[in-house]
Amino acid sequence: MPKKLFLVCATMACSLAASGSSRQEQRAAPCPQDAAGFAHIQQRARAKDPAAETTLAFCYDLGRHVQPDGRKSIRLLTEAAEQGYVPAQYQIGRIYLYGRGIPADYQKALLWEKKAAEQGDSRAQRDLAFMYERGFGVKPDPAQAAAWNRKAAAQGVADAQLHLAQALDHGAGVSKDPAEARQWYAKAAQQKQPAAQLQLARVYARNRDCGAAVHWYKKAAEGGETQAMLELGKLYLEKTCGEDRAQAFLWFTIGSRFGLQECKTEASKLAPMISPEQKTRDQVAAEQWIKKHSGARKEEEEEQR
């Protein structure tokens, strides 16, 4: 899946990292709401406290209690990162990786992301794997990508679990191991990772475990995986899974709303076999499904733009 870009303030607010000594999670504290709290952070930052510098950088990025100042935010983060403060290393690495407020610099991104990753920051580990996958600042290296994804996956990062599973599925940088791949797909799917839910549904469908396949296809569809709508419709047409043309037509109808031409074709082929009453019920059910699942509706809106 393509890596999404996030504002610096957004990544600061939710950053989790593990310290090199204790491996306990650290969180970059948000900018204080009250003036007294902000003054305390300023005082600590002047004393070169890296945690306070990271928080103050967030304040400058957000423009809370101060005028927004991206350069000062980056300077504070850099000072904190140079002291070995993992959350700051992760944040400054992402700034250079995505060019937030400054030109992208993959070499500097690699430097800081690696420092944070080596100290156990799971998000930096996933970012580093991404860089090795895409060749950002380094030559593409599937083995390194898989190794860093494994570290992040072990800490529960769903995207890393997905990418590790895909590597194991295809033997990219690691020995091919479909059984282990399935385990990681399942872990990511349970964390509501739609692409992993789709892959897990496919595994169950191949093994003729129709109930589990339907369950995960539906979960993937709810997360905006349009291919799941098509494949679920086709599953409902298979006699081994208990053919249900009404359900197949419903999912082809939903998929059609998301611009899938194959769904439109399949729905057109099924239409003569469905009663007018059933078609109406399916169309109403499709509308209700789309309204209920806002994530999928967002994907539909993006598809239409």
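Remember, predicted model here, so these are calculated numbers, not experimental data.
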query = With a 4.5 Å heavy-atom cut-off, do Glu238 and Arg208 have their side chains touching?
reply = yes
query = Should Leu235 and Leu250 be counted in the same cluster of Ile, Leu, Val, Met, Phe, Trp and Tyr side chains packed under 4.5 Å apart?
reply = yes
task = Answer whether the closest heavy-atom distance between the side chains of Gln155 and Lys151 falls below 4.5 Å.
result = no
inquiry  = Can you pull out every disulfide bond (SG atoms under 2.5 Å apart) where at least one residue sits in residues 182-226? Sequence neighbours excluded, please.
reply    = Cys210-Cys241
task = Show your working on side chain to side chain contact (heavy atoms under 4.5 Å, CB included) between Glu118 and Gln89 and close with a plain yes or no.
result = CA-CA 11 Å; Glu118 287 175 343; Gln89 292 173 338; over 6 Å; no
ask   = With the threshold set at 4.0 Å, does a side-chain nitrogen-carboxylate oxygen contact exist between Glu82 and Lys48?
value = no
remark   = In this structure, OH of Tyr185 is separated from OH of Tyr204 (nearest 0.5 Å) by 13.5 Å
Side-chain donor-acceptor contact under 3.5 Å, Glu225 with Gln197 = no
task = Determine, step by step, whether Gln107 and Leu111 satisfy the side chain to side chain contact (heavy atoms under 4.5 Å, CB included) criterion, reporting the C-alpha distance in whole Å, the side-chain angles of both residues, the deciding distance to 0.1 Å, and the verdict.
result = CA-CA 6 Å; Gln107 290 302 319; Leu111 169 70; over 6 Å; no
key: Heavy atoms from other residues, nucleotides or ligands near NZ of Lys279 exceed 12 (cutoff 6.0 Å)   = yes
inquiry  = So if I apply the side chain to side chain contact (heavy atoms under 4.5 Å, CB included) rule between Phe58 and each of Asp61, Leu62, Thr54, Leu56, which one comes out positive?
reply    = Leu62
ask   = Would you say the side chain of Arg94 lies within less than 4.5 Å of the side chain of Arg100, judging by non-hydrogen atoms?
value = no
Lys108 atom NZ, neighbour heavy-atom count above 12 within 6.0 Å = no
Flag, side chain of Asp169 to backbone of Ala165, donor-acceptor distance under 3.5 Å = no
ask   = Can Glu222 and Lys292 be counted as an ion pair, charged N to O under 4.0 angstrom?
value = no
message = So Phe258 and Met229, do their side chains get closer than 4.5 Å, heavy atoms only?
response = yes
request  = Step by step, work out the side chain to side chain contact (heavy atoms under 4.5 Å, CB included) result for Leu237 and Leu270.
outcome  = CA-CA 10 Å; Leu237 290 179; Leu270 263 184; 4.1 Å; yes
key: Polar contact flag, side-chain donor to acceptor under 3.5 angstrom, Glu133-Asn149   = yes
Non-hydrogen side-chain atoms of Thr265 and Phe252 separated by less than 4.5 Å = no
ask   = So do the side chains of Ile95 and Trp112 get within less than 4.5 Å of each other, counting heavy atoms only?
value = no
remark   = To the nearest 0.5 Å, atom CG of Asp282 lies from atom CD1 of Ile274 at 6.5 Å
task = Evaluate the criterion salt bridge (Lys or Arg N to Asp or Glu O under 4.0 Å) for residue pair Lys234 and Glu231; output intermediate values, then yes/no.
result = CA-CA 5 Å; Lys234 289 184 175 181; Glu231 293 180 23; over 6 Å; no
inquiry  = Testing Gln67, Arg71, Lys72, Arg75 one by one against Tyr60 for a side-chain hydrogen bond (donor to acceptor under 3.5 Å, both in side chains), which residue passes?
reply    = Lys72
remark   = Closest heavy-atom pair, Ala221 versus Ala228, reported as atoms and distance to 0.1 Å, is N-CB, 3.8 Å
message = Using a strict threshold of under 4.0 Å (side-chain N to carboxylate O), is an ion pair present between Arg281 and Glu277?
response = no
task = Answer whether the closest heavy-atom distance between the side chains of Gln161 and Gln191 falls below 4.5 Å.
result = yes
ask   = If we only count heavy atoms from C-beta on, is the Tyr236 to Glu243 side-chain gap below 4.5 Å?
value = no
message = Under the disulfide bond (SG atoms under 2.5 Å apart) definition, can you give me all pairs with a residue in residues 114-168, not counting sequence neighbours?
response = none
